[in-house]
Number of protein chains: 2
Amino acid sequence: MRFMTSLKFIDVVAREGSIRKAADKLAITSTALNRRILQIEDEIGQQLFERLPGGVRLNTAGEIFVQHIRSQFADLARVQSQIADLSGIRRGHVQIASGADALRRLLPETIATYRAAHPAVSFNLARCYGEEAETRLFSLDADIALIFAPIRAAHVHVAATLRQQIQCVMPADHRLARREQIKLRDLAGERLVLPTAQSGVRQLLDTGLLRRQVDMDVILESDSFEFMQNFLHFESSLFFQIPIAIGAGGGRQGAGQTDGFDPLLVARPMDPADVAPGTLHICHLKGRVLPVAAAKFLDDIITTLRDTYPDDVDQ
Amino acid sequence: MRFMTSLKFIDVVAREGSIRKAADKLAITSTALNRRILQIEDEIGQQLFERLPGGVRLNTAGEIFVQHIRSQFADLARVQSQIADLSGIRRGHVQIASGADALRRLLPETIATYRAAHPAVSFNLARCYGEEAETRLFSLDADIALIFAPIRAAHVHVAATLRQQIQCVMPADHRLARREQIKLRDLAGERLVLPTAQSGVRQLLDTGLLRRQVDMDVILESDSFEFMQNFLHFESSLFFQIPIAIGAGGGRQGAGQTDGFDPLLVARPMDPADVAPGTLHICHLKGRVLPVAAAKFLDDIITTLRDTYPDDVDQ
DNA sequence: GCAACGCGATGCAAAAATTGCACTGCTTGC
DNA sequence: GCAAGCAGTGCAATTTTTGCATCGCGTTGC
């Protein structure tokens, strides 16, 4: 794409914050890169970068222009995907930003199924914390975001939502395993492993815990499902997850069957009166036309979720 | 804008339908242009043009790609306009596609007022027939369209509408000039000058005339207001217009005052029961972010209309 | 307080690209 | 069947881009 190189260069310089670093990354000399940038600033008639002693930084005009550049690249990808689709071959690259929850079962399965049908489509998966997923949508580093938390950013369009009741995961022989539903006061005296503070699950738990002063024993905080799962084999304790992360069917009702999940562990739903159900948001950037490959994959995710949780998907 | 030239070249070739003609227009040799196009087709990995004996024509992939190119140019204009606005100077170029109606008073006045405040903004006005205005929005040759006709195209976003009752224009001493409102049967035996078939006014009249078989004397068809107005000085007859075209205040009620309009002519509204009011649509391309200059001008038009016809503007 | 470092900018020559010219092969219209 | 108009190509001239060496400037570290 020779006709886009200068723009790509500006994008990289903006990300690196230094012409020399960007030049290294782009495998050209800093002087060539420097001159391209000067030339474009000249053509635009506006400086795009502030020159600082330690490098460069976008000024306001530059911010606007770089946003334009990124949307051009994203749109070019869309065009190429659409053109490739004309000849019957779905081609393209789908970039997904997701919290940990969907990475466990939903995305691996859905992507594998999709790729079986369209092997020419490649994927990029960024595991995001906090509001990083929204940011990625905005900077066009992600086509689709899966966010288990309230959406704050105005530029995000929510294509579908999935209600998910938080599950309490415990050893199969735990005393609470006989319960159909777990109440917060049941947790009194239990050893708990909680997700880290920025996670959506943690926020829902905290909201519930704030109201009822339950005296619990938080022995660990972790953002790794895998760690928590393995930890339970060594020390009997409880942790929390949402159904899509553990492959449990029928979220809110929470039958506790966790197909393919560790057989020594069981999941039981929290009482919705104690801990409110959370919402998984499937999003893309508002006003954006997704590449064919990404748009169809988005459809696939929603269809999969609708099949698995028929009552809990809203569009 | 060196970094856009190759794309601009493709756009021109698509418009000209021939590499040689485009090369002439671009002041380069056909061979240079030819090779740029081959190179880009190579980079995209897809042919964009069909080669015909008499020139070239876009294939489907090319159509998609050229649409992308045009939207890039339009978006670049938006970015530049926005960047210029940062330094307090409104700069840019506003392209308007309009039927004849708005060209007479609304646009000249509004543009002049706007330019008094922002002299660095230039304008382009295309007088459009039939569906050409919609087409121009789509091909991004127009930012704003003013259309007095039903909107069919799905890609058009209507920012505001103005209801307009058709007026019957006649010599001040005509027998019908004493009426407050004209009914279709009043036109029996009158000599009429009608707008040409594609005009919105004509379509509304035709719809009314179809239902009531009025025997009239159509002596002329014309799409030029100026011609019709002058013709009435030589042969006593009637023609039709909408208020914005003749500067009449308060459309539907139609007081007939036509400020600044030919003092020998008067306008009387048609009875809405006979001829339905028409709608002027102020539109832009759906999903598009207009350049600052164009967006603000759009606001100005709507404000002007709201001031003049407070009851007839919808948004 | 001075030297070393890293940064962006610039002059100049080498390298790479774009361009123009001359020409080919093709189709259409007369 | 010949002239005209079209896209495509080999080759040399030209223009643009790149890399090297170097400058000036501000910060950092001793």
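- Contacts of B:Arg57 classified as side chain to side chain donor-acceptor pair (under 3.5 Å), with partners at least two apart in sequence or in another chain: B:Glu50.
- Listed nucleotides D:dT17, C:dG20, D:dA7 differ in distance to B:Ala32; the shortest reach to its side chain belongs to C:dG20.
- Taking the ring-ring contact (aromatic ring centres under 6.0 Å, His included) definition, one finds that A:Phe138 meets it with A:His155, sequence neighbours left out.
- The salt bridge (charged side-chain N to carboxylate O under 4.0 Å, His left out) test applied to B:Glu63 returns no partner, not counting sequence neighbours.
- A residue-by-residue look at B:Arg51 and A:Leu33 shows that B:Arg51 has its nearest nucleotide of DNA chain D further toward the 5' end.
- Listed by residue number, the members of residues 55-65 of chain B with any heavy atom below 4.0 angstrom from DNA chain D are B:Gly55, B:Val56.
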Let's go through B:Arg202 and B:Gln198 carefully: what are the C-alpha distance in whole Å and the side-chain angles of both, what is the deciding distance for side-chain hydrogen bond (donor to acceptor under 3.5 Å, both in side chains) to 0.1 Å, and is it a yes or a no? CA-CA 7 Å; B:Arg202 174 64 175 270; B:Gln198 73 255 32; over 6 Å; no
Can you tabulate the close N/O pairs, meaning under 3.5 Å, that link protein atoms to atoms of nucleotides 13-17 of chain C?
none

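- Distance CG (A:Leu52) to C1' (C:dG8): 11 Å, rounded to an integer number of Å.
- For B:Arg70, the salt bridge (charged side-chain N to carboxylate O under 4.0 Å, His left out) criterion is met by B:Asp11, not counting sequence neighbours.
- Nucleotide D:dA7 holds its P atom 12 Å from the CD atom of B:Glu41, rounded to whole Å.
- The salt bridge (charged side-chain N to carboxylate O under 4.0 Å, His left out) search around B:Asp24 returns none, not counting sequence neighbours.
- Put simply, A:Asn34 has no side-chain N or O that comes within less than 4.0 Å of OP1 or OP2 on C:dG8.
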Which atom pairs link the protein and nucleotides 20-27 of chain D when you take only N or O atoms and keep those under 3.5 Å?
| from | atom 1 | to | atom 2 | distance (Å) |
| --- | --- | --- | --- | --- |
| D:dC20 | N4 | A:Thr31 | OG1 | 3.3 |

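- Backbone-only contact: A:Ile28 has heavy atoms under 4.0 Å from sugar-phosphate atoms and none from a base.
- Remark: P of D:dT17 and CG of A:Leu26 are 16 Å apart, rounded to the nearest angstrom.
- For A:Gln95, the side-chain contact (heavy atoms from CB on, under 4.5 Å) partners two or more places apart in sequence, or in a different chain, are A:His93, A:Asn124, A:Asp143.
- Distance, B:Asp24 CG to C:dG20 P: 12 Å, rounded to whole Å.
- Here B:Phe49 pairs with nothing under the ring-ring contact (aromatic ring centres under 6.0 Å, His included) rule; sequence neighbours left out.
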Go through the steps to decide whether A:Gln39 and A:Arg35 satisfy the test side-chain hydrogen bond (donor to acceptor under 3.5 Å, both in side chains), and finish with yes or no. CA-CA 6 Å; A:Gln39 191 203 333; A:Arg35 266 187 288 236; over 6 Å; no
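- Checking side-chain atoms of B:Ser30 against main-chain N and O of B:Ile19 turns up no donor-acceptor pair under 3.5 Å.
- Which of D:dG8, C:dT18, C:dA9 sits closest to the side chain of B:Ile19 comes down to D:dG8.
- Nucleotide C:dG8 holds its C1' atom 15 Å from the CG atom of A:Leu48, rounded to whole Å.
- With sequence neighbours left out, B:Arg91 forms a salt bridge (charged side-chain N to carboxylate O under 4.0 Å, His left out) with no residue at all.
- In this structure, CG of B:Leu38 is placed 15 Å from C1' of C:dT19, rounded to the nearest angstrom.
- B:Ser30 comes within 4.0 angstrom of no nucleic acid atom, judged by non-hydrogen atoms across all strands.
- Distance, A:Ile37 CD1 to C:dT10 P: 13 Å, rounded to whole Å.
- Counting to the nearest Å, the C1' atom of C:dG8 and the CD atom of A:Gln47 are 11 Å from each other.
- B:Asp223 is linked by a side-chain contact (heavy atoms from CB on, under 4.5 Å) to B:Arg127, B:Tyr129, B:Thr196, counting only residues two or more places apart in sequence or in another chain.
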